[in-house]
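Below is one structure, written out as C-alpha cells, with a few remarks after it.
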Amino acid sequence: MQQLHSRSVIALSIAAALAVPATAVANNESAQSDDVTTMDTITVLGQAYRNTATKTALAPEETPQSISTIDNETLEMRGVNSVTEAMRYVPGVNTELRGGTVKLYDTFNIRGFDVQNSYYDGLALQNLTGWNLQPQIDPIAIEQIEVFKGPTSVLYGAMSPGGMVNIIAKTPQKERNTDVSVATGSHNLKEATLDTTGQIGDSNFAYRLVAKASERDSQINGVNETRYLIAPSLDWYASEDTMVNFNLYYQRDPEAGMNAAVPGIGTLYNNPTGVNFDPNTFLGDHNWNELEREFLLAGYKINHNINDSWTFLQNARYMDASLYQKNVAHTAYNANNPEILDRYAYTTDESSKGFIIDNQLTGAVDIAGVEHNLLFGVDYQKLKGDSRFLYYANVPGINVNNPDNNQINSGEMVADSDETTDIESEQLGLYFQDQVRLDRLVLIGGGRFDQFKSEVASPSSQEKIDQTNFSYRLGALYEFDNGLSPFMSYATSFEPVAGVDRNGKAFEPSEGKQWEAGVKYMSADMSKTATLAAFHIVKENALTADPTNQPGETWQVQTGETTSKGIEFEGQWFATESLDVAVNYTYLDMEITKDNSGLEGKTPIRTPKHSASAWANYNVYNGMLSGMTFGTGVRYIGETHVDAANTDKVPDYTLVDLAVKYDLSEVSPSMSGMSASVTATNLFDKEYYTCYDKMNCWIGAEQTVEAKINFNF
C-alpha cells in the first residue's frame with residue numbers, strides 16, 4: 001500500500017539496525033530480511049556502511065549523542081540542489097552563511113562553530129587550506145546525510161567542536177531500478193539526471209551509475225552555473241565473507257557561479273546616495289569573471305568477515321582537484337565620491353591531490369558474561385597542493401547607482417603581485433572504541449591519538465605544524481519501556497594551530513570539550529520520535545593578542561576561549577496514514593569568554609540565538625487528488641551580529657518552502673512509473689541578508705521554482 005511507504009521506510013530501517021549486532025554489521029545477507037530487499041522503497045545502504053557516530057551498526061536511537069539523518073526521500077521531496085540546502089531543516093545548524101549567490105561551498109555552522117569540510121562515506125572531503133578548492137557532492141549521488149552534533153575527533157581526527165556532516169553515497173543494489181529525470185524552472189534551468197542500478201546478469205557483481213547535466217543562470221545578472229557529473233560504482237561479492245566496492249565520482253563545473261560579497265550599505269543599510277541593491281546586482285566585471293572547478297574521487301572498500309565475530313573494513317580514496325577563478329572584489333566606498341566602490345582584481349589557480357585511508361576492525365568479546373563490541377582503527381590522510389595568486393590593484397571603481405560591468409580590458413591587465421603558496425598536510429590516527437549493553441543500558445567509550453603535520457609556504461611566509469593530540473569520548477544511554485531513553489556524554493575534539501609565541505614556542509592544538517545530556521523518544525509503533533538535548537561546548541587554546549605587545553608587535557598567545565551552550569529539539573510525528581510533521585528548535589547562547597583583543601563578551605557572527613523550522617507532508621489517496629503529495633516548510637532564523645565587534649544586528653527572517661509531487665499513474669496505467677513534481681523555495685520572495693562585517697554581506701536566495709518529470713522503470 002502506497003500510503004505506508006514513508007512510515008515503512010523508517011520503521012524497517014530502524015528495525016533492521018536494531019536487529020544487526022554491532023559486531024556483525026558486515027553480515028548484510030543475513031541482516032536483511034526478504035521483505036526489506038524486495039520492497040521497492042527500501043534502499044540497502046551496503047555492507048560497507050557504518051554509522052557516522054560510532055563507525056558501527058549502533059543505531060542513532062541507541063547512541064548517547066545527538067544525531068540527525070536526512071534520507072533520500074526527503075532530499076527528493078524538497079528538491080534540494082546542495083548539501084547546504086539539505087541542512088536547512090536540521091536543528092543546531094545555520095546554513096545561511098553566504099546567502100544565495102555563492103554556491104561553490106557547502107557553508108554552514110553547527111552549534112555555532114563553522115564546519116571546515118564535510119565527509120563522504122566516512123572519509124574527509126579534503127580542502128586546500130586557506131583557499132577555495134574543495135570537492136562538493138551533488139544530491140543526485142547522495143543516499144542520505146548524517147549530521148553528528150558535538151565533538152567527534154575520537155573517530156575522525158581534526159575537526160570543529162560543533163559537529164560533522166557525513167554524506168552517504170548511493171550504492172549498487174541487486175534489484176534492477178532506473179530513474180531518469182528532466183527539469184526546468186527559475187533562472188532558465190535545464191537539467192537531466194540518470195540513476196540506474198542492478199545485478200550484472202547472474203554474476204557476483206552489482207552496479208550503479210549516477211549522472212547529471214545541468215545549466216542555469218545564476219541569481220546574479222550575467223553569471224551562469226553549469227555542472228556535469230558521473231558517478232559509477234561496482235560491488236563485487238567475491239565470496240560469502242568478502243565484498244569489494246569500487247567507486248568513482250567525477251564532477252566538472254565549467255561555470256560555478258559567483259564568489260563575491262556586496263557592501264552592507266545598499267543591502268543591510270539604506271544607500272544614502274541612491275537605490276539599494278537588488279538580489280541580482282553584479283558589482284564585478286564581465287570581462288574578468290571566471291570560476292571553474294573540476295575534481296575526481298576514486299576509491300574502494302573491502303569488507304571481509306573474518307569469522308562470526310570479527311569483521312575488517314578498509315575504506316580508501318584518491319582525490320585530484322583543480323579550480324581557477326578570475327574575480328573582482330570591492331574594498332571600500334571611495335572617500336571622494338560615495339557613489340563609487342573601490343575595487344581590485346585577482347586570479348587564483350588552485351590544484352590539489354590527496355589520499356585518505358581508514359582501516360577498521362570490529363569484533364565481539366564476552367567478558368564475565370558481558371558482550372563488548374570493540375572497534376580498532378588506523379587512518380591516514382595526506383594532501384599536497386598549491387595556489388597561484390595574482391593581484392591587480394589598478395582596477396576602475398564602479399558606480400553603485402549606475403553599474404558599468406564592462407570596464408576592464410583583460411588584455412591590458414598587468415599583475416602587481418604574483419605569489420604561489422605550496423601546501424602539504426598529513427594526519428595519522430589510531431583509535432579504539434568499546435560499546436557495552438547491559439540489558440537496557442548502553443555504554444560507549446573510546447580514545448584516539450593523532451599526529452598532525454602541515455606546511456604552508458610562500459615567498460612571503462612559512463608556517464609549519466607538527467602537533468599531537470589525544471581525544472576521547474564517554475557516554476551512556478538507558479532505554480525505558482515507555483520509549484524514553486535518557487542519555488549523557490562527554491566528548492573532546494581538536495584543531496591544529498599554526499605559529500609560535502614570542503619565545504619561539506610552537507602553539508598547541510585548539511581543543512573542544514562538550515557535555516551533552518538529553519532524552520530520546522520513540523513510540524511503540526515508531527510513529528513518533530523526538531530528541532531533546534542540552535549542550536555546553538568550550539573551545540580552548542584559541543589565538544588572541546599577546547597582552548605584552550609593544551606598539552607595532554603582533555605576537556599572539558593561546559588564551560582565547562569560546563563557549564557555546566544551548567538546547568535543541570527535534571521531533572517527527574506520523575500523525576495519520578496521510579500526514580507526517582517534523583518540528584525543530586534551537587536555542588544557542590554563544591560567547592567569546594576569553595580574549596585580549598577587545599572581543600571578550602561578544603557573540604560570534606552568524607550565530608542566531610533562536611532558530612526553528614517545521615515541515616509537513618500530506619499524501620492524498622482518494623478522490624480527484626489521489627496520488628498527490630503536498631509538502632510545505634517554514635524556517636525561522638533569528639537575528640545575528642553584523643560583525644565581530646557586535647556593533648549592529650542583521651535582522652531575523654522567516655522563509656516558506658513548498659513542494660508538490662504527483663504520481664502520474666493515477667492519470668493512466670500506461671504512465672506507471674512516471675511522476676511530476678514542483679518545488680518552490682522562499683515562496684514569498686523574502687529578501688534577507690548574511691554578513692561577515694559591514695563591508696561584506698550576502699543577499700539570500702530569492703524565490704526559485706523548479707518542475708521535474710521523473711521516469712522510473
Side-chain angles (χ1 to χ4, degrees), residues 13-33 36-37 43-60 62-63 119-123 143-144 146 148 152 154-156 166 168-169 171-174 204-206 233-247 299-317 356-367 370-380 429-437 442-448 473:
S13 297
I14 293 172
L18 292 174
V20 181
T23 59
V25 67
N27 296 333
N28 208 26
E29 298 297 326
S30 61
Q32 299 161 12
S33 69
V36 173
T37 56
T43 298
V44 179
L45 292 173
Q47 287 183 324
Y49 168 74
R50 298 293 188 270
N51 183 296
T52 298
T54 61
K55 289 190 177 180
T56 69
L58 190 67
E62 297 178 289
T63 304
Y119 286 70
Y120 184 46
D121 273 349
L123 301 179
E143 186 58 47
Q144 69 182 33
E146 298 176 353
F148 185 72
T152 186
V154 68
L155 294 179
Y156 298 94
N166 189 17
I168 308 300
T171 58
Q173 306 291 300
K174 289 185 177 180
N204 294 327
F205 293 89
S233 57
L234 183 72
D235 279 354
W236 173 33
Y237 298 91
S239 70
E240 291 184 358
D241 294 318
T242 305
M243 189 278 291
V244 183
N245 168 268
F246 303 96
N247 54 84
Y300 71 86
K301 303 174 188 175
I302 301 174
N303 195 92
H304 176 66
N305 300 327
I306 300 171
N307 52 40
D308 291 340
S309 298
W310 290 90
T311 298
F312 173 75
L313 171 67
Q314 185 176 83
N315 186 11
R317 184 165 63 229
I356 182 169
I357 186 169
D358 186 13
N359 302 278
Q360 304 172 25
L361 179 66
T362 58
V365 176
D366 189 287
I367 301 177
V370 177
E371 184 177 272
H372 293 254
N373 298 290
L374 303 176
L375 166 68
F376 300 94
V378 179
D379 62 28
Y380 173 80
L430 294 85
Y431 57 91
F432 68 92
Q433 180 179 268
D434 186 11
Q435 300 167 206
V436 178
R437 175 177 281 276
V442 178
L443 301 173
I444 187 169
R448 176 185 173 109
R473 171 175 60 175

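Note that the structure is predicted; figures quoted are calculated from it, not measured.
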Output the distance between atom [atom1] ([X]) and atom [atom2] ([Y]), rounded to the nearest 0.5 Å.
X    : Y    : atom1 : atom2 : result
D379 : D358 : CG    : CG    : 5.0 Å
L430 : N359 : CG    : CG    : 10.5 Å
I302 : T242 : CD1   : OG1   : 9.0 Å
L375 : T54  : CG    : OG1   : 8.0 Å
F312 : D241 : CZ    : CG    : 14.5 Å
F376 : F432 : CZ    : CZ    : 8.5 Å

Using a 4.5 Å cut-off on heavy atoms from C-beta on, say whether the side chain of [Y] contacts that of [X].
X    : Y    : value
T63  : I444 : no
R437 : E62  : yes
T171 : N245 : no
Y49  : E143 : no
L155 : Y431 : yes
L361 : W310 : yes

Hits for side-chain hydrogen bond (donor to acceptor under 3.5 Å, both in side chains) against Y300, two or more places apart or cross-chain, chain-then-number order -> Q314
Exercise: identify the closest heavy-atom pair between [X] and [Y]:
X    : Y    : value
A53  : N51  : N-OD1, 2.7 Å
Q173 : A206 : O-CB, 4.0 Å
R473 : Q433 : NH2-OE1, 2.9 Å

Q.
Would you say R50 and N166 are linked by a side-chain donor-acceptor pair, where the criterion is simply a distance under 3.5 Å?
A. no
Could you please spell out the steps behind the salt bridge (Lys or Arg N to Asp or Glu O under 4.0 Å) verdict for D121 and K301? CA-CA 10 Å; D121 273 349; K301 303 174 188 175; 3.0 Å; yes
Residue set satisfying ring pair (Phe, Tyr, Trp, His ring centres under 6.0 Å) with Y119, at least two apart, ordered chain then number -> Y156
